[in-house]
Amino acid sequence: MPELPEVEVTRRGIAEPLRGAKVVTLRLGKPLRWPLGQRPDALVGSIIGGVGRRGKYLWLSLLGGRAPGGLLLHLGMSGSLALTEQAPAPGPHDHFDLVTDRGTLRLTDPRRFGAVVWSPALDAAPASRLLAGLGPEPFDDALTAESFHAALHRRRAPIKAVLLGGEAVVGAGNIYACEALHTAGIHPATRADRISRPRAARLLDAVRTTLARALELGGSTLRDFRDAHGIDGAYQAEAQVYGRAGLPCGRCGATVRRVVQGQRATYFCPGCQKR
DNA sequence: AGTTAAACCTGGTTGC
DNA sequence: TGCAACCAGGTTTAAC
């Protein structure tokens, strides 16, 4: 679920209230994808310096205390974060609580593909090898049609798989990769290195407008996602192809198709997205 | 090196 | 109604 818009919506919901908050307690539930990598009580007393984002990861910097550094969080497929003044007793899917003097940040994640990993780094960038291979942020000015085209040119895989890979640009997951390709009129099976410079420019533009629109609508809620205040996203109602197999394309009326690429469902319109 | 499959885990939906 | 099979927003790791 959580692709860049959902993660950024979450970040915006917690950044202001948590800046400067003091850590009171940490509570761990069932194991997540990786162990925390630090004793929970070593983080008690530290101050949250800020909340950043890199791709689909969140970064909470922790200043002072016995273990300065930060927490790298990932929401996996089914994770969401809630910030409440006083959290109710943890349910069966609540696997991490960061209790602060300004409220409790709780990770709820039924499938437990999410992660909370402590790192001694002061900044997100070198915090973890998890961030090492990530491509450019979609709204970074340094990402241009030229550089994007060059990145696509290095890959022979289908463009849909390349978008999910996050080397050319991070942030688009299954929903937004499908939607952006539809907007750009590019067939998902097109080899990335065969995409012309003008079409690469069009695709980058589509990725940006798709992510920006989803951000405006609070992301997509298919099932589990809620923002930090418990609010559903609304983008899913605007999806043109994702999850719409057998239904007519809103633009041309052709029947949306579902195929499988690299173990992931891909939705596209055979009318708008010719090979 | 580069692509593809398997793995992680739970729960909702679909079909027999 | 019961139960097996399939599906889901992601990403690492192992295997060709």
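Fair warning: this is a prediction, and the values are worked out from it, not measured in the lab. A, B, ... follow the sequence lines: proteins, then strands. Residue 1 opens every chain.
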Sugar-phosphate, base or nothing in reach of [X], heavy atoms under 4.0 Å:
X	result
A/Tyr57	sugar-phosphate
A/Arg155	sugar-phosphate
A/Ala161	nothing
A/Gly262	nothing
A/Arg154	nothing

Distance in angstrom units between [X] [atom1] and [N] [atom2], rounded:
X	N	atom1	atom2	answer
A/Leu164	C/dT12	CG	C1'	15 Å
A/Leu131	C/dT12	CG	P	10 Å
A/Asp193	B/dT3	CG	C1'	14 Å
A/Leu32	C/dG10	CG	C1'	14 Å
A/Arg156	B/dT3	CZ	P	8 Å
A/Lys160	B/dT3	NZ	C1'	16 Å
A/Leu72	C/dT12	CG	C1'	14 Å
A/Arg264	B/dA5	CZ	P	14 Å

**OP:** Treat primed atoms plus P, OP1 and OP2 as sugar-phosphate and everything else as base, then score nucleotides 9-14 of chain B 5' to 3': B for base contact with protein heavy atoms under 4.0 Å, S for sugar-phosphate contact only, - for none.
**Re:** BBSS--
Original post:
Any side-chain donor paired with an acceptor under 3.5 Å for A/Thr10 and A/Asp227?
Top reply: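 Per modelled atom types, A/Thr10 and A/Asp227 side chains form no pair under 3.5 Å.
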Subject >> Distance-only donor-acceptor check, side chains A/Ser220 and A/Tyr176, under 3.5 Å >> reply: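 Yes, a side-chain donor-acceptor pair sits under 3.5 Å.
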Original post:
Which value, in whole Å, describes the distance between the P atoms of nucleotides B/dG11 and C/dT11?
Top reply: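 So the two P atoms sit 22 Å from each other.
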Original post:
Given the P atoms of B/dA5 and C/dC7, what is the spacing between them in whole Å?
Top reply: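 To the nearest whole Å, 15 Å.
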Would you say the side-chain atoms of [X] pair up with the backbone N or O of [Y], donor to acceptor, closer than 3.5 Å?
X	Y	answer
A/Gln261	A/Val259	no
A/Gln273	A/Pro270	no
A/Arg102	A/Arg19	yes
A/Thr221	A/Gly233	yes

Original post:
Where does the angle between the aromatic ring planes of A/His93 and A/His95 fall among parallel (under 30°), tilted (30 to 60°) and perpendicular (over 60°)?
Top reply: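 Taking A/His95 first and then A/His93, their aromatic rings stand perpendicular (interplane angle over 60°).
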Original post:
Once Watson-Crick and G-U wobble pairs under 3.5 Å are found, how is DNA chain C written in dot-bracket notation, 5' to 3', with | for any base paired to another strand?
Top reply: .|||||||.|||||||
Original post:
Between B/dT3, C/dA8, B/dA5, which nucleotide gets closest to the side-chain atoms of A/Ala265?
Top reply: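 Comparing B/dT3, C/dA8, B/dA5 against the side chain of A/Ala265, the answer is C/dA8.
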**OP:** State which of C/dT13, C/dC7, B/dA6 makes the closest approach to the side chain of A/Arg129.
**Re:**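 Minimum distance to the A/Arg129 side chain belongs to C/dT13.
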Can you see if the side chain of [X] gets near the phosphate of [N] - specifically, an N or O under 4.0 Å from OP1 or OP2?
X	N	answer
A/Arg191	B/dT3	no
A/Arg258	C/dA8	yes
A/Tyr176	C/dG10	no

Subject >> Ring-ring centroid check A/Phe268 A/His187, cutoff 6.0 Å >> reply: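 They qualify: ring centres under 6.0 Å apart.
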**OP:** Identify, with sequence neighbours excluded, every residue that meets side-chain contact (heavy atoms from CB on, under 4.5 Å) alongside A/Val117.
**Re:**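 A/Trp34, A/Ala115.
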Subject >> CZ/A/Arg156: more than 12 non-hydrogen atoms of other groups inside 6.0 Å >> reply: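 For A/Arg156, atom CZ is not crowded (no more than 12 foreign heavy atoms under 6.0 Å).
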